[in-house]
Amino acid sequence: MLIATWNVNSVKQRLEHLLGFLADPAPDVVCLQEIKCVDEAFPRLEVEAAGYNVAVHGQKGFNGVAILSKFPIADVSPRLPGDPEDVQSRYLEAVVSVPGGAVRVASIYLPNGNPIGTEKFTYKLAWMERLTEHARGLLALEEPVVLAGDYNVIPDGRDVSDPALWANDALFQPATRAAYRKLLALGYTDALRACDDRAGLYTFWDYQAGAWQKNKGIRIDHLLLSPQAADRLVGVDIHKRTRALDKPSDHVPVSVTLDL
DNA sequence: ATGACTGGCCCTGCCAGA
């Protein structure tokens, strides 16, 4: 089965691109981030007409995540545990039943954290700690788990075209990268890196200064697999063609194929 | 060297993104 993640930067602006992606490669599950709308404004009818069940955790104006699935969705839980004061819609988890089993999927929109030295960066690191604690608990279930989303983390130098340019950015801070490694060290696999160790595999290109044309990208959209999911990993794809469309998202979809 | 897009909202400059 094909499980994808995509930060669409407004589902309203990107609906045609999204429907095109649902038609081809026709993923079984899609985790969306930055839908930038409330639940009621999500284009549910259009997505359902394409053959998908929908779970949404939206927010007015910013953030917002969703999970689309060709298979039934159960046990839907919005919000990352650990901070009742956190009202930002950045996490949605659900269980997707597949023929002969199930896979637990989370759609994650990890805080950007810029500028560093502010409460925004503190919030990012705290959010990463909460994610790590929750991810630790999920491992105990011994299920196939896919934690998919826009992590806003550049894991290492291979994942950025111009490291010096990002040296003072929240996405590439040593503390940010260490928190990401701590998450992996629990026992999760960065699906892309399990399949391909080359540099220059990017998932985001800024709108500004011709970043796409110059291939000045970064890899910040990741799918993390529990051991039970990693055992069934077949391959990973970065769907770069969507970045060349008219009025694209600045992120492209990334997908894993699992033998499930 | 510098600046540079895009989307949403309080409808119009401003915040947020990365």
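Reminder, nothing fancy here: chain letters follow the sequence lines and each chain counts from 1.
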When all nucleic acid strands are considered with a 4.0 Å heavy-atom cut-off, which category describes Arg90(A): base, sugar-phosphate, or nothing?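 The answer is sugar-phosphate, as Arg90(A) gets under 4.0 Å only of primed atoms, P, OP1 or OP2.
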Under 4.0 Å between any heavy atoms, over every strand shown, what does Tyr109(A) touch: base, sugar-phosphate, or nothing? Just pick one.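 Here Tyr109(A) touches the backbone only, sparing every base.
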Among Asn7(A), Thr5(A), Asp150(A), find the residue that satisfies the side-chain hydrogen bond (donor to acceptor under 3.5 Å, both in side chains) test when tested with Gln33(A).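 Result: among Asn7(A), Thr5(A), Asp150(A), Thr5(A) is the only option passing the side-chain hydrogen bond (donor to acceptor under 3.5 Å, both in side chains) with Gln33(A).
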[atom1] gap between [N] and [M], integer Å:
N       : M       : atom1 : result
dT2(B)  : dG7(B)  : C1'   : 25 Å
dC10(B) : dA4(B)  : P     : 26 Å
dG3(B)  : dG13(B) : P     : 22 Å
dT6(B)  : dA1(B)  : C1'   : 25 Å
dG8(B)  : dA18(B) : P     : 14 Å

Rounded interatomic separation in angstrom, taking [atom1] from [X] and [atom2] from [N]:
X         : N       : atom1 : atom2 : value
Asp246(A) : dC5(B)  : CG    : C1'   : 14 Å
Lys216(A) : dA4(B)  : NZ    : C1'   : 14 Å
His251(A) : dC5(B)  : NE2   : C1'   : 13 Å
Leu110(A) : dA16(B) : CG    : C1'   : 16 Å
Asn112(A) : dC15(B) : CG    : P     : 16 Å
Gln88(A)  : dC15(B) : CD    : C1'   : 13 Å
Leu165(A) : dG3(B)  : CG    : C1'   : 12 Å
Asp162(A) : dT2(B)  : CG    : P     : 15 Å

Check whether the side chains of Asn9(A) and Tyr207(A) place a donor and an acceptor atom closer than 3.5 Å, and report yes or no.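 Result is yes, a qualifying pair exists.
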For His251(A) and Glu34(A), which I'm curious about, is there any donor-acceptor pair between the side chains at under 3.5 Å?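 On atom types as modelled, these side chains do not qualify, holding no pair under 3.5 Å.
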Positions of [range] (non-hydrogen atom under 4.0 Å from DNA chain B), listed by number:
range                       : answer
residues 146-154 of chain A : Asp150(A), Asn152(A)
residues 202-213 of chain A : Phe204(A), Tyr207(A), Gln208(A), Ala209(A)
residues 123-132 of chain A : none

Starting at the 5' end of DNA chain B, which residue's closest nucleotide do you reach first, Lys36(A) or Asn63(A)?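 It is Lys36(A), whose closest nucleotide lies nearer the 5' terminus.
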Could you check Lys214(A) against Cys37(A) and say which one's nearest nucleotide on DNA chain B is further toward the 5' end?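 Here Lys214(A) is the residue nearer the 5' end.
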Strictly distance-based, threshold 3.5 Å: is any side-chain N or O of His222(A) a donor or acceptor partner for the main-chain N or O of Ala191(A)?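 Here the side-chain-to-backbone pair does not exist.
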Is the shortest side-chain heavy-atom distance between [X] and [Y] below 4.5 Å?
X         : Y         : value
Gln88(A)  : Pro111(A) : no
Lys36(A)  : Gln13(A)  : no
Leu147(A) : Leu138(A) : yes
Glu48(A)  : Val54(A)  : yes
Asp221(A) : Trp6(A)   : no
Leu171(A) : Asn112(A) : yes
Val252(A) : Trp205(A) : yes

Between [N] and [X], is there an OP1 or OP2 to side-chain N/O distance shorter than 4.0 Å?
X        : N       : value
Asn7(A)  : dA18(B) : yes
Arg14(A) : dT6(B)  : no
Ser10(A) : dT6(B)  : no

Under a single-linkage definition using a 4.5 Å side-chain heavy-atom cutoff for Ile, Leu, Val, Met, Phe, Trp and Tyr, are Leu141(A) and Ile108(A) assigned to the same hydrophobic cluster?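 In one cluster: yes.
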Is it possible for you to say whether Val153(A) and Tyr91(A) belong to one hydrophobic cluster, with membership spreading through side-chain heavy-atom contacts below 4.5 Å?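 Yes; tracing contacts between hydrophobic side chains, which count when under 4.5 Å, links both residues.
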Which nucleotide in dA18(B), dG7(B), dA16(B) has an atom nearest any side-chain atom of Lys120(A):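 When the side chain of Lys120(A) is considered, dA16(B) is the closest of dA18(B), dG7(B), dA16(B).
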Determine whether a donor-acceptor pair (one donor, one acceptor, N or O, separation below 3.5 Å) exists between the side chain of Asp169(A) and the base of dA18(B).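 In this structure, the two groups form no donor-acceptor pair.
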